[in-house]
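Hydrogens, waters and symmetry mates play no part in the numbers below; they use all other heavy atoms, side chains included. In what follows, residues are counted from 1 in the order of the sequence shown. Whatever order the structure lists them in is the order used to number ligands and atoms, beginning at 1.
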Amino acid sequence: MDKIIIDGPCRLSGEVTISGAKNAAVAILPATLLVNGKCHLENVPDISDIRATIKILKSLGSKVEYITRNELIIDNSNITTVEAPYDLTCKFRASYYLLGALISRFGKAQISLPGGCNLGARPIDQHIKAFEKLGATVEVKRGNVYASTKNKLSAGNIFFDVVSVGATINAILAATLVPGTTTIENCAKEPHVVDVANFLNSMGANIKGAGTDVIKVTGVEALKQSSSYAVIPDQIEAGTFMVAAAITKGNILIKNCIPKHMEPITAKLQEAGAEVTEFEDTIRVSMNDTPRPINIKTMAYPGFPTDMQPQICTLIAISKGTGMIIESIWESRFQYTDELIKMGADITAHGRTAMIKGVDTLYGCPVASHDLRAGAAMILAGLVAHGRTEVYNVHHIERGYENIVDKFKKLGAKIEFVRDNGRDENV
Ligand code: UD1
């Protein structure tokens, strides 16, 4: 089985460059389906979720040409089917964006019920509600989602019951080519929502208000081919390296990030005693002392991101005191705490709450990566733990972190990726 081996503890120092945002790119790639032509994208992260998205696009008829590892041209002028293959779409959550893009351009779409990290129930009722408000019929049967429209879609008013990143982006995608103005209320404000809107606007869409509670999409007849669009840097990858600096009492210059997006994480790291200095598109994080305990409640942006919850929990686990985390987005996001407990952490997690009593030392041992961000937390724990940590189920980590082992190695970590022979590198 593939694994990541870390010999700790270490003190990280140096520079790291953050890759493009996974959660923006997994939406922007399907969004290219709205264009009957070519899209040129830069700063696309080379991660397995993106490779899977590209496989799906190719299966629909897209032509994908790589200019470099992170730059590509997608030509969607010859889409031959709107039915995405089950074995590809069931694997990751963001495949739901195919629904919004395909129904907007072709009036019909079919995907399997999306998979992704196991964080508890992950309904798509708000996505369906948005499509229905625009006049689509949506059916969920035998593991597949079918969306179609008898006539053309028409503009409507959508008011979400819960703030959902995916449903907000899907509503934008679905409304982009629909005549009239669609008003979407109670929207998610995450940076990747804004990035998708910016990408579509760069090709002639008319989307106003992304990044606020209310988004208005005035449908255009067609989008035009874009010159080139660069995906924003990954907020969560940057946050993970910020915690890595703090947890190892290190000093890291984090390049290619947007300090404004990092504010909820910056504020909490400063509360824990880290020194955080912001520049235009870089952040320096250093820490000299053992962290002070902090309390966290995960919230939709601009609150503290749930996708940074396992990483910050690991920092609190070695703090000098007791901290608490309330998880308000996902119902089951503390499974990874059992792995930290194996390493010597003192954590009591029940439902959506975890009480974390800081310990002096964590000890390396074999641990599993339960999901993408939990996997990142296992690496952080391994960097600070005494002895050897072996992280298993690393395919979760590869879904969202480009070159994570090399990046940590360059910062001074003793870390290796050990691959099994015969592994399919493309999955
Ligand atoms: C996205 C991110 C994920 C992150 C999450 C919250 C992507 C690909 N993934 O996931 O990493 O953890 O945002 O920041 O961008 N909900 C419903 N009905 C719906 C949709 C969502 O009740 O139709 C609920 C969910 O159960 C959850 C909350 O809304 O409690 C937020 O989910 P949502 O923002 O939709 O998460 P995702 O878009 O799936």
S.K.: Check this for me - ligand 1, Lys22, N or O atoms closer than 3.5 angstrom, yes or no?
M.R.: no
S.K.: Looking only at heavy atoms of Pro123, does any of them come nearer than 4.0 Å to an atom of ligand 1?
M.R.: yes
S.K.: Whether the side chain of Gln235 engages the backbone of Ala21 through a donor-acceptor N/O pair (distance < 3.5 Å, no angle test) should be reported.
M.R.: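 Not confirmed, Gln235 side chain does not pair with Ala21 backbone.
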S.K.: Got a donor-acceptor contact below 3.5 angstrom from the Lys129 side chain to the Phe159 backbone?
M.R.: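 At least one qualifying donor-acceptor pair exists.
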S.K.: Considering distance alone, does some N or O of Tyr97 sit under 3.5 Å from an N or O of ligand 1?
M.R.: no
S.K.: By number and element, which atoms of ligand 1 are closer than 4.0 Å to a non-hydrogen atom of Val162?
M.R.: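 So the atoms of ligand 1 that pass are 16 (N), 17 (C), 22 (O), 29 (O).
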S.K.: For a quick check under 3.5 Å, do Glu42 and Ser228 share a side-chain donor-acceptor pair by atom type?
M.R.: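 Per modelled atom types, Glu42 and Ser228 side chains form a pair under 3.5 Å.
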S.K.: Going by heavy-atom distance to atom 35 (O) of ligand 1, choose the closest among Ala27, Ser164, Gly303, Ala188.
M.R.: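 Looking at heavy atoms only, the winner is Ser164.
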S.K.: Hey, which atoms in ligand 1 end up nearer than 4.0 Å to a heavy atom of Thr306?
M.R.: 6 (C), 12 (O), 14 (O)
S.K.: If you measure from CD1 on Ile247 to CD on Gln311, what distance do you get to the nearest 0.5 Å?
M.R.: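 With rounding to 0.5 Å, CD1 (Ile247) is 10.0 Å from CD (Gln311).
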S.K.: For His127, counting its heavy atoms only, list the atoms of ligand 1 lying under 4.0 Å from any of them.
M.R.: 23 (O)
S.K.: Heavy atoms only, cut-off 4.0 Å: how does Glu331 contact ligand 1, side chain, backbone, both, or neither?
M.R.: neither
S.K.: Consider ligand 1: state whether an atom of it lies below 4.0 angstrom from any non-hydrogen atom of Val163.
M.R.: yes
S.K.: Between Arg419 and Glu398 (salt bridge meaning N to carboxylate O under 4.0 Å), is one present in this structure?
M.R.: yes
S.K.: Just how far is it from atom CD of Glu237 to atom NZ of Lys22, taken to the nearest 0.5 Å?
M.R.: 12.0 Å
S.K.: Does an N or O from Gly166, backbone or side chain, lie closer than 3.5 Å to an N or O of ligand 1?
M.R.: yes
S.K.: For the side chain of Thr298 and the backbone of Thr306, is there at least one donor-acceptor N/O pair under 3.5 Å apart?
M.R.: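 Judged by distance alone, no pair lies under 3.5 Å.
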S.K.: What distance separates Asp234 CG from Ile258 CD1, expressed to the nearest 0.5 Å?
M.R.: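 So the CG of Asp234 and the CD1 of Ile258 are separated by 10.5 Å.
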S.K.: Who's closest to atom 4 (C) of ligand 1 heavy-atom-wise, of Asp307, Asn170, Ile329?
M.R.: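 Shortest heavy-atom distance from atom 4 (C) of ligand 1: Asp307.
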S.K.: Quick check on Tyr301 - does any of its heavy atoms sit under 4.0 Å from an atom of ligand 1?
M.R.: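 It does not, in that no heavy atom of Tyr301 comes within the 4.0 Å cut-off of ligand 1.
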S.K.: May I ask you to list the atoms of ligand 1 that are less than 4.0 angstrom from any heavy atom of Gln126?
M.R.: 18 (N), 19 (C), 23 (O)
S.K.: Give the ring-plane orientation class for Tyr96 versus His127, where under 30° counts as parallel, over 60° as perpendicular and anything between as tilted.
M.R.: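 Tilted: the ring planes of Tyr96 and His127 meet at 30° to 60°.
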S.K.: Answer with side chain, backbone, both or neither: which part of Phe160 has a heavy atom less than 4.0 angstrom from an atom of ligand 1?
M.R.: neither
S.K.: Nearest non-hydrogen contact with atom 33 (P) of ligand 1 belongs to which option: Asp125, Val165, Ile128?
M.R.: Val165
S.K.: Mind checking the OG-NZ spacing from Ser59 to Lys55? Nearest 0.5 Å is all I need.
M.R.: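 It is 10.5 Å, given to the nearest 0.5 Å.
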